[in-house]
Structure formats: C-alpha cells, structure tokens
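Treat the numbers as computed from the prediction; the structure is a model and nothing was measured. The sequence lines fix the lettering, A, B, ..., with proteins before strands; numbering per chain opens at 1.
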Amino acid sequence: MNFLSEYTYYIGAFSLIIIGLYIILVKKNLMKVIIGFSIFDTGIYLFLIAVGYLREGTAPVFSKPGLDAGKMVDPVPQALVLTAIVIGVAVLALAVILAIKIYAHYGTLNLRKIKEQRW
Amino acid sequence: MVNPVLFIVVPLGLAFAIPLLKYISKKIIRFVPALAFLFNLIFALRLIPVVMDHQVHVQIGGFIPPLGINLVAGPVGMLFVVLIALVGFLVSIYAFHPIKEKDEDRYHILYMLQLTGATGVVLTGDIFNLFVFFEILCLASYSLVAYLGNRAGIESAVKYLIQGSLGSGLILIGIGLLYGQFGTLNMADIAGRIHSVQSISVYVPLVLFITGFGVEAALFPLNAWLPDAHSSAPSTISAVLSGIAIEVGLYAVLRVVFTLFGITHMMGLFLLLGVLTLLIGELCAFSQDNIKRMLAFSSIGQIGLLVFAFSLASTLGIAGGFFQLISHTLGKALLFLAAGYMIAHTGSMEIASFQGMGKRMPFTSLAFTIGAFSMVGLPPFMGFPGKFMILKAALHDGQMLTLILLVFILIATVIEGAYFFRVVQVLYFAGEDLPDRERAPVAFSRFVPMFLFTGLIIVLGIYPSLITDLLDASALELLDRPDFIKSIIP
Amino acid sequence: MEIIAGILVLLMIASAIAAASFQDLMNAVIASCIVSLLAALLFYLLQAPDVAMAEAAIGAALVTGIFVIAVKRTKRFEE
Amino acid sequence: MRKLISIILLGMVATGLFMSISQIPFGEPGERIGDHFINQGVNETGATNIVAAVVVSYRGFDTLGEVSVLFTAAMGLGAVIGLVRRKKTHTPIEPASLIVYTGCRFLFPVILLVGTYIVIHGHLTPGGGFQGGAVIASAFLLMYLGCRGKRIRENLSRGLESLGGLLFILLGVTGLVIGRDFLFSFLPEGEAGNLISAGIIPLIYMAVGLKVGSELTGIIDHLIEDTDELPE
C-alpha cells in the first residue's frame, strides 16, 4: 500500500502508456489508433512531469517574494513536456488529415482492409 | 570560420521566408533550396580542415554545457553535414523544373525542413534537442511521402507515421528515464555518468533508443514501412529518403550505441542483425518487378551492410562503414533520380517497360548503369573501395562468427548483382525488335545533378584516399568515447 | 492530497480504458478528452502550472476539436 | 495470431518499463541541472517564471526546433489536402442559434485578449507563447464552430506564421552579429518581476505566440475547409 501511495503518479503514467500501446497495436480502426496515440503521449508527459517532482515542492515560479528556491520542483521536465505537447499535437493533426484522406480513398478506416501493398 | 549553427539556421530561416517570398515572385521559390544548401555545402567544406584538427563546440544562448544546448561539429557531424548539403543541393537542382501542378512552395518548404532536421540531428550534442530535430525530419518525411496525394502515397504515409511516432514516443520515454537517473540531458554529460551498461535501468533506455531510432534507420524488423514509403514518394524525395533519412537514423543509433552508452559487448548481436537485414533486403529486392520498390529494398540491404561494418567496432570497420555510407547515399540518390526520370517518360514503374531505354535515353541509362555497378561494388566505382574496406576489416577482425557472416555477405552481393544486372540488361539488350523511337533530350536541370553524382562516384572510386583522412578521424571520434566526453565536459 | 491524486489517477485510467473499448468513436474521443483534462489536473497537483495550462488548452481543447472534426468527416462507428 | 504477438510484445514492454520506472525515486531531491536553473535562473535571465527561462533561454534551441515542427505539420497538412482553392460558395450556411452566435461573438475577443495576456506575461507567471498561442487558436476554433462561415484570411495567417518564425531567427542571429552566441540575450535583464524585463524572453515568447497561434489556426482552418467541401 505504501508503494501505491508513493508511486501513484508513476502508476497512472505507466497505465496510460500501456493502454495507449495496446490500442495502437491491437485496434484496427485508424481513428482509434490515433486516439491511442493521444493517450500514449499523455502518459509519457505525466511520467516526465512526475520525474521532476519534489515532495512538498512549489511550482518553479517566483510569483511572490520569500519563496525558497530549494523547495521548488525541477523545471527541466516541464520545459521538455511543453515542447513535447506541441510536437504531439503536430503529429496528431497530420495523422488526422491522413485518416480523412484514407477514408476518402478507401471508404473505410479499417487498417486491415486497406493494405494493398505488401512486401 | 563560419559558426556551425548557421548550417541549421540559414535553411530554416529561408524555409520560414518562403511564404513571404511567394508574394514577391513565384518563380524564385524553386531556387531557394538550392541556394540554402549551396551555402551549407561551401561553408561546411571550408570548415572540414578545422574540424579535422579539433572539434568545434558551439554554445547556444551563451550557457556552457550541460546547462545550455550545445552543438558538436566533430568529423562525424561535419561528414554528415557535407553529405546532406551535397545531396540537398544536387537534388534541389532537379526540382528547378516544375514537377507537379500541385502547390510548389509547400514542396520546397517541406524539402528544406526535412534536410534541416537532418542537419540538426547530426550536429546537436543534446539528447532532447536531437529528438526535436528528429521529429522535424520525420514529420517532413511523412508529409512528403503523402505529397502526391494518391492512394499509395497516403497509405504509405499512414503506415510510416504510425510506426515512426511509436518510435518517437519510445525515445521520449527513454529520455525521461535517463533524466530521472542522471539529471542531465547533454549527451557527453550522460555518457560520463554511464560507466557500464549493467543495471536494468540503463539497459531499458538503450533498448528504447535503439528501437525508436531503428524505425527511421530501417533496422530489421522495424522496416515494414520503408518499401512502400520510398516507392510511393516523388522520385526526388525517394532519393533523399534513401540517401539521407535512413542514414541519419543510423547516425542516431551509432551516437547512442557508441557515444552515449559505450557498448562493447553486444556487437555480435548487431553483426547478426546487420547480416539478417542485408539478406532479407536483397532477397526481397530480387523478387520485385517495380523498379522503385526494388531500389527501396536494396536500401534495406545496404543498411544491413552498414550495420555489419559499424558493429565490427574497429577503426577499419567504421571507416569502411562511413565510406560505404557515402557511396550508398550518392549511388542511391543517382539511381532514384535516373529511375524517376525514366518513369516520367514511360509512365510506368515496371522494370519490363524500360526496354530499349539505352537507345532512347542514353545518358540517363548510362547514369543508372553506373549507379547500379557502384551499388554492386564493381571497380572503378565508389562501391568497390567501400565493400573492399569492409571485407578487409571483417578479415582483420578474424572471429569465427564474423567470418561465417562474411560468407552470407558475399552471397548477398551476388544476389544484388543479379537483380541490378537484370535491369541493366533490360535497359540495353531487351526489346531489340521495338521500333526505334527518337531520342529524348535530357533537360538541363535533370542532366546536371545526374552528371555530378556520376562524376563523384567515379572520382571517389578511383581516388578513395581523398576522403580517408576524414573517415579515420570520424571513426576515432566514435571509438574514443572518453576523449569526446572530456572535450565537452572538462 | 494523496487521496485526491489517487482518485484522479483511477478516474483517468478508467476513462482511458473506456476510450479503448467504446465502439462509438465520438464517445471514445470524449473519453480521451477527459483523460487529457484529468492529466492537466494532475500536472497542477504536481506543481507544473505551465504544463497544466498547455495540456488543457492543447490536449483537451484543440486535439478534441480536431478529433471531432475528423470523426464527423469519417465513419462514426468502429467496424 | 497478430493479436497474440502484439500482446506478448506489450507484455515485454510493460515489464521492462515497470522495472526501470520503479528504479527512479519519486519526489526525492537529486543532483540535477534543474537545481542550477532554480538557484541561478532569476539572476541569469531575469525571468521569474523559471520554466519560461528554461524554455526560451537555456533550451531556446529546442523551442526553435519545436515551432519548426509545428510549421512542418502545417505545411504538410496543406500539402496533403492539396490544391483545393476555396470555392466561393454563396450558399447560406445554416446559422447557429442566436444565443450561440451572440455568445461566440462576445467570447471571441475576450479569449483573444486572454491569450495575448498569457503570451505577454509568460516570463512572469505561468503561461507563455505555447499556451497563449493555443488559447488564441481555440478562440478561432470557437469562431469556426459557433459562427460558421467566418474565416480568417489564409494569406494573413500564413504571413503571420512566416513573420513569427523570421522574428525568432532574427532575434537569435542578432546574438551572433554582436559577437556572442546564437540566441544570446542581448537586452538588459532589467528588474526581475517587471513586465519589461528578462532580456529577449518576452520578445521570443511573442514570436512563438504569434507563430503557434497562427499555425494552429491554420491547421484548424485546413481541417474545416476540407470538411466543408465534403458532399454529404
């Protein structure tokens, strides 16, 4: 139980990553796969932020005087996640437009049905 | 001396400016990529003597590493920058001639962004920054594969995107794991803290990185996307994808394996993986009727050969690997350009439809033939010294496993020769009974890049010693890990 | 505080599973939107207001908007 | 069969990830480069929001790369959609109900204002170019959804996109021109906490906000445009 309360955030991040991977690998519907990517990415962001957390820490913003720098959470993972979120939305937008085009060409989003070219 | 950051910033700035330039004149847009990469090529070549002497480190924002992001312009990095600029410049000449009736400016922007991303990957010294530039490269590649907008293009792009972004996600997890343990993102700094790959928490990021970058590097079994993507993109883009994109992916794998983690004990596995990739690629290429798919599978095979060479982890092997890498880049770019030009004439990608091309398009056929001979490894073309160096390195290594694998490599080379000769035979000797059609003149914008690629392949094939110093220095940079670390984090 | 985080994490996992299992894609999109929103809350609890803001604006609002457009444009039900 | 392989693969990934994630202590202080940023960030950059200092100053090159990623996506989207000139359809688009319409008309400027505020105060309080840009884009999303038929001119958004990117690069190159490094903060840091402080951070954040806002708007615009020509 101690482990659970200690690692709540890691467990959440880990579960999201696994669920996202499951959707990506197993689901046949392209839109579903893209949703899986969104969940997968969210899990990764949560993991990164959790890595930078400091217990009882404050946000790394000197919004009012008297904040102790020693008790602030690590800003680096937050900066990385900010960048990663924007990259993620870029990839998702491209994936969505490709899905729309796939539907226009094939009339289906089922990935097993649209495999024309093989090895 | 020019600041290496400009190799990234100048093409990027010009790419940003294209939508504005469009208002001034639509004509000049197609010359912008050539301009950018000519700049890179000239100044990168001038920087090479400096780099051979000592690595050039660039801080960004005025913060010393590991606090800020730094660029490392060592021999390896500059070798790739020159290669990217060279291919970028020559292939963009090919695009002077309007290719499609579609939006031209977007093509040029994406093309420049793709190569800028590649340049960023090979220059940066920060693992997260590498990831960001890698994403630019990948995203531009996905879009360009789908550029023609036909069924095959869109479908390949979707496949490519799914596998590629899965890989990127894994890389990001790996970065998070490394930061959690070592508290830094600078590659040299991390490398200084990884003394041995023993514990599971160092081993997992390594696997994640190899998997993630391996997708782009087309390592077996992560290369299911490659044949479709390379064959359904426009020919110029296929040339860049085969000549630059997968090599940059391989660079990332090399950086991670040699510099970041400093692995020495798993090389047998990589040797095996390389030969497996080689055999599968060549066998699949042999059974193709579609010329672009054949070339794409041949790229997989070549990547396998490169992985084999680099996994020997000796100066000789790595230098040979780099030589073969350059040879593959130039040869494959030439082959795709020549094939693309012939496809544009016949309107078909079937090899059988190229009958009699030797008479109708003599120069293009000759260029294709030279590229094919170089790819197989015939003297006096560039592939010969490359394969010879790898052979020598493998014999020098002398281990039982290496020697056994060498036999398979020779078999693969024979297969490679068989399918390339088949195409050459179709070009020149098939279809004698066809009525003599008139010769098609070569457009100037097509002639120049093909001619220069051919020239480079022959010159470097005859005088390989022109670049061996640079290759040895590159091999040393990869192998001498403590020195690399010390030069950045004193 | 830990209990709140635990509940939020559980809810988040539940919505992620829901997003995986819904046949109706519109519902799946909404579920993934909820995942993003809960993640934004967790970011806030983890003292990352910047990221919480970005995740709420991008992950929850924009991405959901894009998904909704895509689902409307294609098939609504998984086959 | 395929499902089985996927599940086995998933199991392997899960085990590996679990074992390595559990090695990383949660919430413990460690020796990290982040410590330096927290302790010295205000002195070195003049920004009170350390995340902004890291994003724009210490790791500014990432941000440049990241706006390029977004630019790539916007261009890729345009390329994939292809050459569909916006048809001059004068067919009246079904109007939203009056309440929705008025609400959107009212909210639109407010959201724009909030977005701009978030961008401008990025170096002082949580927020900044990405968040503000996203908020601005969501204002346009609202406009598209609530008041159908209203559009931003495509040329305008593409022009702003270019300007934002060029501004970023120019600010970076200025550092080189004065003989220092790329993206060097050449303006005085000022007094931490003031609106006009922190060197070039606010300027870069404005460029980023401009670029992110116009690009996300462009992406949404492309998607909607593509939707509209769909024969129902």
Side-chain angles (χ1 to χ4, degrees), chain A residues 3 6-11 13-15 17-18 21-22 24-26 28 47 50-57 59-65 67-98 100-101 104 112, chain D residues 2-3 6-7 9-10 13-14 17-18 21-22 24 26-30 32-35 37-39 41-42 48-55 58-59 62-63 65-67 69-70 72-74 76-77 80-81 124-126 128 130-131 134 192-193 212 215-216 219-220 222-223 226-227 230:
Chain A
F3 177 80
E6 189 88 322
Y7 285 97
T8 320
Y9 295 100
Y10 281 164
I11 292 169
F14 177 77
S15 318
I17 290 174
I18 297 301
L21 275 178
Y22 171 81
I24 296 166
L25 290 176
V26 174
K28 298 189 288 277
F47 166 62
V51 162
Y53 184 64
L54 182 69
R55 202 164 284 120
E56 325 255 290
V61 181
F62 290 92
S63 49
K64 47 181 181 280
L67 279 173
D68 181 11
K71 296 248 19 128
M72 280 189 174
V73 303
D74 193 344
V76 177
Q78 302 192 7
L80 301 190
V81 171
L82 272 186
T83 309
I85 285 179
V86 179
I87 292 178
V89 73
V91 175
L92 284 182
L94 195 61
V96 159
I97 195 73
L98 286 174
I100 293 176
K101 286 283 156 186
R112 306 286 179 277
Chain D
R2 197 195 139 89
K3 201 163 177 171
S6 308
I7 300 282
L9 208 68
L10 202 63
V13 174
L17 275 185
F18 184 78
I21 288 181
S22 58
I24 296 176
F26 176 75
E28 307 288 334
R32 290 178 174 176
I33 48 170
D35 298 340
F37 299 150
I38 293 172
N39 291 319
V42 179
T48 52
N49 180 359
I50 303 297
V51 178
V54 176
V55 165
Y58 293 103
R59 306 190 63 81
D62 276 349
T63 308
E66 177 270 305
V67 290
V69 171
L70 209 53
T72 314
L77 228 75
V80 171
I81 288 174
L124 301 175
T125 53
F130 308 125
Q131 297 92 331
V212 171
E215 257 152 22
L216 288 176
I219 287 175
I220 292 167
H222 275 315
L223 280 166
D226 206 44
T227 315
L230 165 82

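Of the listed residues D:R32, D:R59, D:Q131, D:K3, the one with more heavy-atom pairs under 4.5 angstrom with chain A than any other is D:R32. When the candidates D:V51, D:V55, D:V54 are compared by the number of heavy-atom contacts under 4.5 Å with chain A, D:V51 comes out ahead.
Applying the salt bridge (charged side-chain N to carboxylate O under 4.0 Å, His left out) test to pairs two or more places apart or on separate chains, none has a residue in residues 79-97 of chain A.
One distance of note links CD1 of A:I17 with CZ of D:F18; it measures 13.0 Å at 0.5 Å rounding.
For the pair D:V69 and A:V86, the minimum side-chain heavy-atom distance is 4.5 Å or more.
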Taking distance alone, no hydrogens or angles, what donor-acceptor pairs closer than 3.5 Å link side-chain atoms of residues 75-85 of chain A to residues at least two apart or in another chain?
residue	atom	partner	partner atom	Å
A:Q78	NE2	C:Q47	O	3.0
A:T83	OG1	A:A79	O	3.1

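With a 4.5 angstrom heavy-atom cutoff, D:I219 touches chain A only via side-chain atoms. For chain D, the nearby parts of A:V51 are the backbone and the side chain; heavy atoms of each come within less than 4.5 Å.
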